[in-house]
Amino acid sequence: MQAITPRKKLASSIAIIIAGMCMNTVGFAQQTTVTVETKQNALVLQTDKDNRLDIAYFGARLANTGDYTSIASQYTGGLVGSGTYNNAYTPAGSWNLLEPAITVIQGDGNTSLDLKYVSSATKKLDDNVSMTSVVLKDNLYPVEVTLFYKVYYNENVVEQWSVIKNNGDKPIKMQKYASANLYFRAGNYYLTHYNGEWAQEMKPEEDHLEHGVKSIDTKLGTRADLFEPPSFMISLNKPATEDEGEVLLANLAWTGNYKIDFEVDPSNNLRVIAGINPYASEYTLAGGKDFTTPALIYTLSQHGKGEASRNLHRWATKYRLVDGEGQRLTLLNNWESTYFNFDENKLTELFKGAKDLGVDMFLLDDGWFANKYPRNSDFAGLGDWQENVKKLPHGIGYLVKQAEAAGVKFGIWVEPEMVNPKSELYETHKDWVIRQPERPEKYFRNQLVLDLSNPDVQNFVFSILDSLFIKNPTLAFIKWDCNAVIYNAHSMYLEKQGLPETHLYVDYVKGLYKVLERLRTKYPKVPMMLCSGGGARVDYGALQYFTEYWPSDNTDPLERIFIQWENSYFFPVIASCNHITDWGKQPLKFRTDVAMMGKMGYDIVVNKLSAQDLAFSQQAVQTYKAISGVVWHGDMYRLVNPWQNPVASSMFVSEEKSRAIMFTYLVSNRYMPAATTLPIQLKGLDPQKKYTVNEINLYPGTHSSFSGNNTFSGDFLMKIGINPNINAGRASVVLEINETK
Ligand code: DGJ
């Protein structure tokens, strides 16, 4: 018999392990495969030899369902001693070596968890939507996790979340409790994520992901988007472009602290773990209780970011936004024209302006409330939601009637989650405020956040809106603002209940959702804007209660082109509130054209407009009403990227491809006699159809080369294109493209 030297011994054990691995992947006797399929994609889950659930595949679906079981055997990465990296919900403290999806301290203090596959089921909810659930259990400790995959087949969107259950008697402590754990196999991974600040939202960065963990997160408590929103893209192999490349677009549906980990593992594959931020958020789960995580919403496309974004748009308008397939109100807001300085007379004058302009509604902004500490600046009054008797002696009811008499609806601003220390609410209910009693208070915009983990505070917040509606049943719109972050995260309520402080960040958001749920049950249809001064506050958790959101206080149209461009990857433009204001140096037409690419509104003093500007704006409102159906409900195609070109161009195409609206803007102020020297190729039209192209929204006295009989085939418009002739004197152009027989 030949002696085995240490070196030979190592080689032979490698051979045994590899043989064992092969047997596991080809010997399928015990293997369970769960396939989650959309029209284009498949996520394939498979049990391993130890009955743990792994992700075998996530990508374009295969023609033969039977082929999914053969995928895993083709991936040979993972050497001796390496662990399993592709678990479908990676537990900590047992076999795992990398970033976990779930970390638990058991009732007896033990820190281990191991989840094994138990069962799975798929329910068809309707012709398009189905729900797959997979139950995993620890054999040693009474912890059960169910992974949920809600599939929107035609939209190629998956909503994934987890329910963690403590089946024992003793409480367990969850230190990390992710919503989703995904796995990608590709040659390279590119992460697009965003950063921002007040008035500088949605600045994209694309990183080539290297080995190790890259995370994006927020610890702000409220208004997650201020520094880093919970939206991201992952391109596989190479950076995706608008129409090419495999790319995932995702958003975590949670209006609070989140964390998303991107880990390139030792086998060069990408692990993605998304969920509530574990930061200061250890959550205790009593015996018999369960915890539902928020959902990660994602779509995968093999044809670039454009298709992926249209998937999300179709899903959001059909299934997520309030009245996503409905109409929106054009409006005149008074914030930038008055700030806090108004009274009844000034407002009734503004109503006339709204009517004159032709918009549907007047929106009364901040400053209408509080008496002991009047809301005349942002230093006082927040929390005291009674009309200020000096400014509004006859109350909101009178204003609603006056607006309606002037021919416009009336909407109102609130910021119900917040309080100024200079307020009666603070004086009487300090216990409702998030603060550390022993530490100096720290303010953000001179205000503090109310403790929505407290049911009394939830009732209070609900009653602010409820009593406005009870007193004013025709109130047509709510602007729900949120301007502070959470400092000194301490809840007197949780303390009194004997609950851990570390529940606050989570229970705050749950409390907010409870209030919004109650509101929507009682007032299902009222349009509501989700607003947050800087940074916006936009995620699919909150958006299920809102019709629209405020992308930025920065309404400079040049800036807005970029902010709106990036937001439009994740959110349909029907939800994007674009207001025409005095920000920026561009002419009124440019500002109006940019605002039209979404939900248009005004924040100007109408009676200060010149006669020509007023005539243009009145016409623009009518034009917008005529085209908004296509902009809101059509398919969006991005044509020219402003980050790489001196112009930006996008178009919206109706479902039947019979009508389209194309917006093109100059975004460079460098000297260039013509910014569009080449035609711009259109997208999404029917090559067989014939279309006329006309310029619309012209400023009075200007003429267009497109006003004649410009007829082209869809084939021509998509292969050759059309030149909107953008130059410094013609900095924005809106073209209407109509099918002609
Ligand atoms: C911040 C919002 O973004 C503004 O539009 C305005 O409503 C102010 N808050 C009011 O305080």
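One-based numbering, in listed order, for ligands and for the atoms of each.
Annotation: cation-pi geometry not satisfied between K589 and Y699 (NZ/CZ under 6.0 angstrom from ring centroid, within 45° of ring axis). A cation-pi geometry, defined here as NZ or CZ lying under 6.0 Å from the six-membered ring centre and within 45° of its normal, holds between R638 and Y569. Under a cutoff of 6.0 Å and an axis angle of 45°, K219 and Y279 form a cation-pi pair.
At the shortest separation from atom 11 (O) of ligand 1 among protein heavy atoms lies D366 OD2, 2.6 Å. Nearest to atom 3 (O) of ligand 1 among the protein's heavy atoms is D553 OD1, 2.4 Å. Summary of contacts: the protein heavy atom closest to atom 1 (C) of ligand 1 is D481 OD2, 3.1 Å. For atom 6 (C) of ligand 1, the closest heavy atom belonging to the protein is D365 OD1, 3.4 Å.
Only one option out of W335, W385, F340 pairs with W368 in a ring pair (Phe, Tyr, Trp, His ring centres under 6.0 Å); it is W385. None of E417, E201, E548 except one satisfies the salt bridge (charged side-chain N to carboxylate O under 4.0 Å, His left out) rule with R537; the exception is E417. Checked options L364, D360, V359; the residue passing with F362 is L364 (criterion: side chain to side chain contact (heavy atoms under 4.5 Å, CB included)).
Under a 4.0 Å criterion applied to the non-hydrogen atoms of C531, ligand 1 contributes the atoms 2 (C), 3 (O). Each of the atoms 3 (O) of ligand 1 lies under 4.0 Å from some heavy atom of W550.
Aromatic ring centroids of F571 and Y540 lie under 6.0 Å apart.
Looking at E336 against ligand 1, nothing comes within 4.0 Å, counting heavy atoms. Counting heavy atoms closer than 4.0 Å to ligand 1, residue N483 contributes side-chain atoms (C-beta onward) but none from N, CA, C or O.
In this structure, K479 has a heavy atom closer than 4.0 Å to ligand 1. Taking 4.0 Å as the cut-off, R445 counts as a neighbour of ligand 1 on heavy-atom distance.
Polar contact check, N333 against ligand 1: no nitrogen or oxygen pair lies under 3.5 Å apart. Backbone and side-chain nitrogen or oxygen atoms of W413 are examined, and one is located within less than 3.5 angstrom of a nitrogen or oxygen of ligand 1.
In this structure, K479 and N333 approach most closely via the heavy-atom pair NZ-OD1, 3.3 Å.
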